2 protein chains.
Amino acid sequence: MNHQIYSELDFTSLLSFSLNALIDELHGKLSELGFGDIRPAHGFMFKYLASSGATGIELAEYLGITKQAVSKMVDYLEKSGYVIRQNHPTDKRGKIIILTERGWLVVKAKEKILTEIEGRWIEDTGIERMQMLKEDLTKFVYKANEGKLSSRSRPVW
Amino acid sequence: MNHQIYSELDFTSLLSFSLNALIDELHGKLSELGFGDIRPAHGFMFKYLASSGATGIELAEYLGITKQAVSKMVDYLEKSGYVIRQNHPTDKRGKIIILTERGWLVVKAKEKILTEIEGRWIEDTGIERMQMLKEDLTKFVYKANEGKLSSRSRPVW
DNA sequence: AAACATAGTCAATCAAATTGACTATGTTCA
DNA sequence: TGAACATAGTCAATTTGATTGACTATGTTT
């Protein structure tokens, strides 16, 4: 293995490679579990839908993409049986997107896998350092978004 | 500002948001400097070309994308005046892609901006913690790639 | 010399997003 | 209360970054 590559990584590369490694492992394991049609781009959508349902526009704001892009993603996930569109109870223009049973299976599988990965990281570096790492990243994210509150800029995984 | 969003971020979100914040700031500043036609996808290409030149296939391997994709990126960057294709000195099939003067300006601007950002992070969290953070991420990246040495999986910024 | 391998390009397609135009419903206010 | 405006969602065309497949030209092996 080419060790040199890893000894001189700049900060941006470190973040990028870490995230990629995480996402690759996650989607590899999801594929093994029969969820091969879930793609990285869907990750944050599932995350948001898990907390409750959501309208298209809520999703668009959360994901930082247009409502048209959300609509297409929902088309795909609905066709694949992970979500359904329901009529909004009070607003006849609106729809609410909710997870199907199969959608919930994905969310649960995803959580399990991510917990495993994070657990392995904790074993490697210790719980205190992992905690610090999270604190620091949280601080950076928070600071980076102080000035311009808006637009979450395509967080894709 | 919605503080709640930031207090409960899982690890994947933290990595994703940190990386996005970094990339957004970098490309915002590059735009201000007149390099608005450089896009996040070009980041690692510039990084690799800066160390020496490279053939298309070397770039493809480094970036984890196909040689056709590299060829298109090079078309774009050549048209924009950041790189040129030269004939390979010994292999008549091959080309070497090297940075133009304008390409070097981008590399230097990029390094300056990233150093600034990293400096701000160090101010916020301290040099020791920053060092630990880097060590930990390096360890994760290294471990994640032990099994399967190949394919760098689209590191895009 | 023939057979195979490699570097690069061309063309068609896919994935994830965009902008712009549109329908239907909801809200405001003169 | 109805006209004017705003909002939720879809349809269509386009862009960006990537893919697979087919091809040319050159290099290497046997």
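From a predicted model like this one, the values you see are computed outputs, not experimental measurements. The sequence lines fix the lettering, A, B, ..., with proteins before strands; numbering per chain opens at 1.
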To the nearest Å, give me how far apart CG (A/Leu59) and C1' (D/dA8) are.
13 Å

Among the nucleotides C/dA17, C/dA7, D/dA8, which one has an atom lying closest to any side-chain atom of A/Met73?
C/dA17

With rounding to the nearest 0.5 Å, note down the distance linking CZ in B/Arg39 to CE in B/Met73.
9.5 Å

Compare the minimum distances between each of D/dG9, C/dA17, D/dG17 and the side chain of A/Thr55, then state the nucleotide with the smallest one.
D/dG9

Can you name the nearest heavy-atom pair linking A/Leu30 to A/Ala109, along with the distance?
CD2-CB, 4.0 Å

Hey, does the side chain of A/Thr125 reach the backbone of A/Ile122 with a donor-acceptor pair shorter than 3.5 angstrom?
no

Please encode protein proximity along nucleotides 1-7 of chain D as a string of B, S and -, counting only heavy-atom distances under 4.0 Å.
-----BB

Nearest-Å distance for atom pair CG/P, residues A/Leu63 and C/dA15:
19 Å

Judged by modelled atom types alone, do A/Asp37 and A/Tyr82 share a side-chain donor-acceptor pair under 3.5 Å?
yes

Check the distance between D/dA8's P and A/Asp75's CG and give it to me in whole angstrom.
18 Å

Between B/Ser13 and B/Leu9 (side chain of the first, backbone of the second, donor and acceptor by atom type, cut-off under 3.5 Å), is there such a pair?
no

If you find the nucleotide of DNA chain D closest to A/Ile96 and the one closest to B/Lys92, which residue's nucleotide is nearer the 5' end?
A/Ile96

Send over the distance from A/Ile23 CD1 to C/dA16 C1', rounded to a whole Å.
15 Å

Would you kindly check whether a donor in the side chain of B/Gln68 faces an acceptor in the base of D/dG17, or vice versa, at under 3.5 angstrom?
no

I need the A/Trp121 CH2 to B/Lys143 NZ distance, nearest 0.5 Å.
12.0 Å

If the threshold is 4.0 Å, N to carboxylate O, is there a salt bridge linking A/Arg85 and A/Asp75?
yes

Closest contact, heavy atoms only, B/Gly81 versus B/Arg102
O-CB, 3.6 Å

So which nucleotide from D/dT20, D/dG9, C/dT13 ends up closest to the side chain of B/Lys72?
C/dT13

At under 4.0 Å, does any side-chain N or O of B/Ser71 touch on OP1 or OP2 of C/dG8?
no

B/Gly94 or A/Lys67, whichever maps to the more 5' nucleotide of DNA chain C
B/Gly94

Positions of residues 81-88 of chain A (non-hydrogen atom under 4.0 Å from DNA chain C), listed by number:
none

Search all heavy atoms of A/Gly56 against all heavy atoms of A/Ile97 and return the closest pair with its distance.
N-CD1, 3.8 Å

Rounded to whole angstroms, how far apart are NE2 on B/His27 and P on D/dT16?
15 Å

Rounded to whole Å, please give me the gap between CD1 in B/Ile65 and C1' in D/dT20.
15 Å

Determine: side-chain N/O of A/Lys95 to OP1/OP2 of D/dT10, distance under 4.0 Å, yes or no.
yes

Hey, does the side chain of B/Lys110 reach the backbone of B/Gly43 with a donor-acceptor pair shorter than 3.5 angstrom?
yes

Just how far, in rounded Å, is P of C/dT9 from CD of B/Glu78?
9 Å

So, is A/Thr66 near the phosphate of C/dT18, with a side-chain N or O under 4.0 Å from OP1 or OP2?
yes

